[in-house]
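Okay, structure first, notes after.
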Amino acid sequence: MKKSLFLLIVFLFNMAFILNAQKENTGKFNQLVIIANNTGPVISKDIYGHFSEHLGSCIYGGIWVGKESSIPNTYGIRNDVLFALREMKIPNLRWPGGCFADTYHWKDGIGPQEKRASIINTHWGGVTEDNSFGTHEFMKLIELLDCDAYICGNVGSGSVKEMADWIEYLTSDSDSPMTRLRKENGREEPWKVKYFGIGNENWGCGGNMTADFYSDVMRQYSTYLRNFSGNRLYRVACGANNYEFEWTETLMREPVNRYMFQGLSLHYYSVPGGWGNKNSATNFTEDDWFETFRLNYEMDRIIKGHAAVMDRHDPRNTKGIVIDEWGNWFEVEPGTNPGFLYQQNTLRDAITAAIHLNIFNHHADRVKVANLAQTVNVLQAVILTKDDKMVLTPTYHVFRMFSVHQEAQLLNTDLRCEDYVMGERAIPAISASASVDKEGKIHISLANLNPSKEITVTCPVIGGTFKNVSGEVLTAPEMNAFNSFEKPEMVQPTVFKGFKYNDGTLSITMPAKSIVVLELKKE
Ligand code: AHR
């Protein structure tokens with residue numbers, strides 16, 4: 001459908017919207033116009049990716065328990081976690097950091113476990129890292145998850161040769177010292193590695209470099225990151241933090257850089273209260289709830305800012321934004337090691353996830369990869385473990401519900417909605433996106449941010465008729481409801497019945513503080 005026709009239809013619906021709002025004297029009328037045959041770009045499945053660092057108990061205890069553990073495992077990897085991540089359709093996993101990546105020397109983590117070097121994890125808690133989880137263990141995890149590997153290399157304290165050797169070890173099937181070493185360590189065939197990060201936060205923990213200096217160093221490293229044996233690396237250069245558009249400008253304007261990376265990373269954490277006064281993950285006010293979402297919505301502004309710089313230098317859109325760290329960052333749980341970043345996860349985090357994933361869907365033309373920080377037991381985790389117990393967090397359920405958007409085509413939509421107001425501040429009360437999958441099914445994902453108001457969204461679906469509508473909802477009686485080891489099912493998705501579909505228009509009544517995903521089928 002032509003853009004002008006789409007705009008005309010949206011205009012007509014908006015006129016009806018205004019007239020109806022006047023007639024009903026409601027002041028505001030919530031409307032999401034969907035045109036079923038007006039498609040945008042494909043939503044990369046990789047924006048639903050995750051991140052696992054050697055930090056706290058993300059890897060050790062959370063993913064890896066070792067082959068001798070009494071916790072059921074496959075090659076040392078927890079079965080319960082494996083199963084849950086597969087169910088969630090995890091598309092890629094980033095490893096080994098984070099800040100840890102720029103201290104990691106991969107050769108410490110190969111060969112017989114008992115001979116591996118122990119090092120100090122200087123970034124995270126100063127604990128001893130015995131390197132029992134290394135390259136082979138990570139690639140086994142990737143294989144068992146049936147997802148893509150995103151490995152982050154060491155620029156900060158490594159060398160060009162060390163990084164080049166790693167890629168050769170991982171992906172080459174030629175005869176060489178590195179491939180012989182891999183075979184001695186029990187792996188005959190090379191692996192496939194899709195994403196490779198050229199350092200992490202090199203403006204900070206990865207070497208405190210200036211953008212100009214990093215740009216030069218990145219080129220040197222990238223030159224030796226070869227595509228071996230049919231493997232094609234998507235090289236990710238270290239990008240900016242938050243609103244640092246100048247960093248993006250520096251990396252993008254250098255003409256030679258055009259050939260040096262395919263993706264540029266971006267990190268943005270929402271830290272309500274600020275770094276010196278972080279929120280508790282579970283004990284918070286409605287003001288904190290509101291402020292968290294206000295900060296979450298900033299992700300849209302940040303992406304637009306970096307995308308504008310990239311559009312100028314890369315009008316053909318050959319480079320992707322890789323948001324390989326995002327999420328809520330709260331105070332650690334009382335009594336836990338401050339260096340382990342262990343936080344609970346509530347309905348607030350679930351809505352955070354919905355806001356971000358809807359934003360990423362809308363930016364599907366530029367945003368090609370995103371990784372929530374972090375998978376298990378760290379920051380906004382999808383899974384928490386304690387010895388042999390595991391719980392799925394509210395954030396997990398959002399990722400599972402939204403997985404229907406992976407590789408679907410974004411639908412152009414027009415959302416008009418009321419504000420959620422807190423004192424002088426206001427943010428949209430509804431977050432939404434929609435896509436059409438390869439079988440022609442439409443999926444609409446929405447979040448109602450208001451913790452005390454049910455909201456009805458009128459949703460004309462033009463350009464297709466549908467026979468079957470079904471949905472799921474995630475909500476809870478309290479804003480700070482969470483799943484604990486004692487009560488693991490406090491926040492669970494349930495069947496959603498709060499919709500009507502008549503004459504091509506859906507009416508969706510969203511409970512207060514809820515997330516809804518609807519499916520529309522032609523048969
Ligand atoms: O995710 C935790 C840390 O946050 C990562 O190690 C680092 O890249 C970021 O600052």
Side-chain angles (χ1 to χ4, degrees), residues 49-60 62-63 92-104 119-127 129 133 138 150-158 195-209 214 218 236-244 247 263-272 274-276 278-279 281 295-296 299 302 321-333 336-345 349 352-353 356 369-384 393 395:
H50 293 266
F51 167 38
S52 57
E53 179 165 12
H54 288 236
L55 194 180
S57 48
C58 181
I59 298 287
Y60 296 107
I63 292 176
N92 73 75
L93 186 61
R94 179 174 183 249
W95 172 84
C99 294
F100 181 78
D102 282 284
T103 63
Y104 184 62
I119 58 161
I120 301 169
N121 190 334
T122 47
H123 269 294
W124 304 116
V127 293
E129 156 71 57
F133 188 89
F138 176 68
Y150 178 0
I151 292 182
C152 186
N154 181 346
V155 169
S157 69
Y195 297 107
F196 198 89
I198 311 171
N200 168 76
E201 296 194 352
N202 301 96
W203 35 260
C205 65
N208 287 304
M209 301 174 189
Y214 172 75
M218 180 275 298
V236 182
C238 167
N241 195 30
N242 306 342
Y243 308 84
E244 300 291 334
W247 182 281
L264 190 58
S265 74
L266 170 63
H267 288 183
Y268 173 63
Y269 286 99
S270 300
V271 193
W275 291 106
K278 295 194 285 291
N279 273 194
L295 292 170
N296 296 162
M299 179 58 98
I302 292 170
I321 297 180
V322 175
I323 306 167
D324 50 20
E325 290 188 30
W326 66 270
N328 288 336
W329 193 314
F330 301 131
E331 197 47 81
V332 298
E333 290 305 308
T336 64
N337 186 330
F340 284 9
L341 310 185
Y342 177 78
Q343 64 190 45
Q344 247 300 351
N345 194 291
D349 296 279
T352 287
H356 280 82
V369 186
N371 303 77
L372 174 66
Q374 298 194 6
T375 320
V376 189
N377 295 330
V378 171
L379 298 176
Q380 194 181 338
V382 288
I383 292 173
L384 300 176
T393 66
T395 299

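Ligands are counted one by one from 1 in listed order, and the atoms in each one are counted from 1 as well.
Taking atom 7 (C) of ligand 1 as the reference point, the nearest protein heavy-atom neighbour is Glu325 OE1, 3.3 Å. From the protein, the heavy atom lying nearest to atom 10 (O) of ligand 1 is Glu201 OE1, 2.8 Å. Protein heavy atom closest to atom 1 (O) of ligand 1, with residue, atom name and distance, is Tyr269 OH, 2.8 Å.
At least one N or O atom of Glu53 sits closer than 3.5 Å to an N or O atom of ligand 1. Residue Leu55 places no N or O, backbone or side chain, under 3.5 Å from any N or O of ligand 1. Checked by distance only, ligand 1 and His267 stay at 3.5 Å or farther apart across all their nitrogen or oxygen atoms.
A search for side-chain contact (heavy atoms from CB on, under 4.5 Å) contacts involving Ala373 returns Phe51, Tyr269, Leu379, not counting sequence neighbours. Residues meeting the ring pair (Phe, Tyr, Trp, His ring centres under 6.0 Å) test with Phe330, sequence neighbours left out: none.
Against a heavy-atom cut-off of under 4.0 Å, Asn200 is close to the following atoms of ligand 1: 8 (O). Taking every heavy atom of Phe51 and a limit of under 4.0 angstrom, the matching atoms of ligand 1 come to 1 (O). Shown in contact with Cys99 at under 4.0 Å from a heavy atom are these atoms of ligand 1, numbered in order with element: 5 (C), 6 (O), 7 (C), 8 (O). If you number the atoms of ligand 1 from 1 as listed, the ones under 4.0 Å from a heavy atom of Leu379 come out as 1 (O), 2 (C). Close approach of ligand 1 to Gln374 (heavy-atom distance below 4.0 Å) involves ligand atoms 1 (O), 2 (C).
Within the model, atoms CD of Glu53 and NE2 of His123 stand 8.5 Å from one another, a figure rounded to the nearest 0.5 Å. The CD atom of Glu244 lies 13.5 Å from the NE2 atom of His267; values are rounded to the nearest 0.5 Å. Here the CG atom belonging to Leu266 is positioned 10.0 Å from the SG atom belonging to Cys238, to the nearest 0.5 angstrom. Residue Asp324 holds its CG atom at 13.5 Å from NE2 of His50, rounded to the nearest 0.5 Å.
Of the candidates Val322, Val369, Val236, Asn200, Arg94 forms a side chain to side chain contact (heavy atoms under 4.5 Å, CB included) with just one, namely Asn200.
A heavy-atom separation below 4.0 Å is found between Trp124 and ligand 1.
Using bins of under 30°, 30° to 60° and over 60° for the plane-to-plane angle, the ring pair Tyr104/Trp95 lands in the perpendicular bin.
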